[in-house]
Number of protein chains: 2
Amino acid sequence: MGRPVREPIGRQLTRTAKILGRAFDDALVAAGGSQPMWLVLITLKSRQVANQRELADAVGIRGATLTHHLNAMESVGLVTRRRHPDNRRVHLVELTAEGDALFLRLREVVTAFDRRIRDGLSEEDVARLGDLLTRLRANVADQAS
Amino acid sequence: MGRPVREPIGRQLTRTAKILGRAFDDALVAAGGSQPMWLVLITLKSRQVANQRELADAVGIRGATLTHHLNAMESVGLVTRRRHPDNRRVHLVELTAEGDALFLRLREVVTAFDRRIRDGLSEEDVARLGDLLTRLRANVADQAS
DNA sequence: ATCTAACCCTTTGACATCTAACGCTTAGGA
DNA sequence: TCCTAAGCGTTAGATGTCAAAGGGTTAGAT
């Protein structure tokens, strides 16, 4: 009779990411943030970024998109932008005290969410999942047109 | 020294889905389609959908979003919409010959893409990945607020 | 000294997506 | 028979994303 038509793995991945991403964003919005906002905050906290380009790369969005988020975050006082004194092309982005406070609140939400989705999965399961995802990315990158 | 800070699994999933999704869409666009268009086409080919709501659910988007895609697809002659004779609330969506032809072309692209991302993965690997993704979705659904 | 190329960011215009509100149609009850 | 509620799809308005074009700044070559 032929094997049953299974959902392609790519489709399942997309679907899962959409469901998780939505739930994650909901949790962040409830705490006064959003998914891209969280990514900007944690990147600023965890590494030294030289300019907006690097920040955008770390977050995984384009520079134009980052501009919008920084505009919004600056307008509500979460970050400041100022020109680099030695190179006026560069905008230095820095967290304000409010930005820092929001980071701490969101971090709790993120930690709770991570625990929630890993429920019932062993360390080994998570490691294996990470490995499989990495291999998928590598396959796409390998044969990139 | 503490364990090294690993990228949360949710973030890795999102990142992977974004990379794969973009590559997938690029491949479809090169063949004259797009990701949402493909999902509409294959859904129409593979099951009997009673109305647009069902179609939207199958594709994984909202009704309002589907309306846009169907407008576009109808305007280039891929599908037709007509009122159900017995229930004028319902729009029956049907593939045209052009729609069918595009489906066949895109199916080749999709098959090739699936092969490409599975390169080096055994059947068992893929099954395990599917299982892990399913468990993540279940964890989100379980504790949905 | 100036000119050109490169770099950094912003602006513009486009698209996919969502929610909320609306309009048409049908079903069910008074 | 009407009237109200529910169902289906579209429209309007908002957000997040991108590519392409534009403006300011710097570095390097002539």
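Below, read A as the first sequence line, B as the second, and so on, with proteins coming before strands; counting in each chain starts at 1. Given the structure is predicted, the values throughout are model-derived calculations rather than measurements.
The neighbour count for B/E124 CD, taken as heavy atoms of other residues, nucleotides or ligands under 6.0 Å away, does not exceed 12.
Atom pair B/M37:CE and C/dT17:C1' shows a separation of 16 Å (rounding to whole Å applied). Rounded to an integer number of Å, the gap from A/H91 NE2 to C/dC7 P is 18 Å. Straight-line distance from the CD atom of A/E74 to the C1' atom of C/dT10: 13 Å, rounded to whole Å. Rounded to a whole Å, the CG atom of B/N71 is 13 Å from the P atom of C/dC15. Here the C1' atom of nucleotide C/dA6 and the CZ atom of A/R53 are 11 Å apart, to the nearest Å. Rounded to an integer number of Å, the gap from NZ of A/K18 to P of C/dA16 is 13 Å. One can place CG of A/L92 at 13 Å from C1' of C/dC9, the figure rounded to the nearest angstrom. Look at CG on A/N51: it is 12 Å from P on C/dC7, rounded to the nearest Å.
Put simply, the side chain of A/L78 does not reach to within 4.5 Å of the side chain of A/L95, judged on heavy atoms. Here the side chains of A/M37 and A/L28 are not in contact, with every heavy-atom distance at 4.5 Å or above.
When the side-chain nitrogen and oxygen atoms of B/T65 are compared with OP1 and OP2 of C/dC18, one or more of them lie within a distance under 4.0 Å. In this model, the phosphate group of C/dA16 is not approached by any side-chain N or O of B/Q35 to a distance below 4.0 Å at OP1 or OP2.
In this structure, a donor-acceptor pair under 3.5 Å is absent between the side chains of B/E54 and B/T43. B/T14 and B/R11 share no donor-acceptor pair across their side chains, judged by distance under 3.5 Å alone. For the residue pair A/S122 and A/D125, a side-chain donor N or O sits within less than 3.5 Å of a side-chain acceptor on the partner. With no hydrogens or angles considered, no side-chain donor-acceptor pair links B/N139 and A/R115 at under 3.5 Å. Side chains of A/T65 and A/R62: a donor-acceptor N/O pair is absent below 3.5 angstrom, by distance only. Counting only N and O atoms by type, the side chains of B/R82 and B/H91 include no donor and acceptor under 3.5 Å apart.
Taking the nucleotide of DNA chain C with the nearest heavy atom to each of A/G63 and B/A64, the more 5' of the two is matched to A/G63. Across the interface with DNA chain C, nearest-nucleotide mapping of A/N87 and B/G60 shows A/N87 to be the residue nearer the 5′ end.
Put simply, the side chain of B/K45 never gets that close to the backbone of B/L104: no donor and acceptor are under 3.5 Å apart. Under the 3.5 Å distance criterion, the side-chain polar atoms of A/R53 are left unmatched by any main-chain donor or acceptor of A/G63. Using a distance-only test at 3.5 Å, with no hydrogens or angles considered, a donor-acceptor pair links the side chain of B/R135 to the main chain of A/G120.
Annotation: the terminal axes of the helix from C/dA1-D/dT30 to C/dA30-D/dT1 meet at 10°, where each axis is the rotation carrying the C1' atoms of four end pairs onto the next four (5 pairs per end, rounded to 10°).
Contact footprint of chain B on DNA chain D: nucleotides with an atom under 4.0 Å from a non-hydrogen protein atom, first to last in 5' to 3' order, D/dA6 to D/dA19.
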For nucleotides 21-24 of chain C, which of its nitrogen or oxygen atoms have a protein nitrogen or oxygen under 3.5 Å away, and what is each distance?
none

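Within the nucleic acid shown, B/H69 comes within 4.0 Å of sugar-phosphate atoms alone, with no base atom in reach, counting heavy atoms only.
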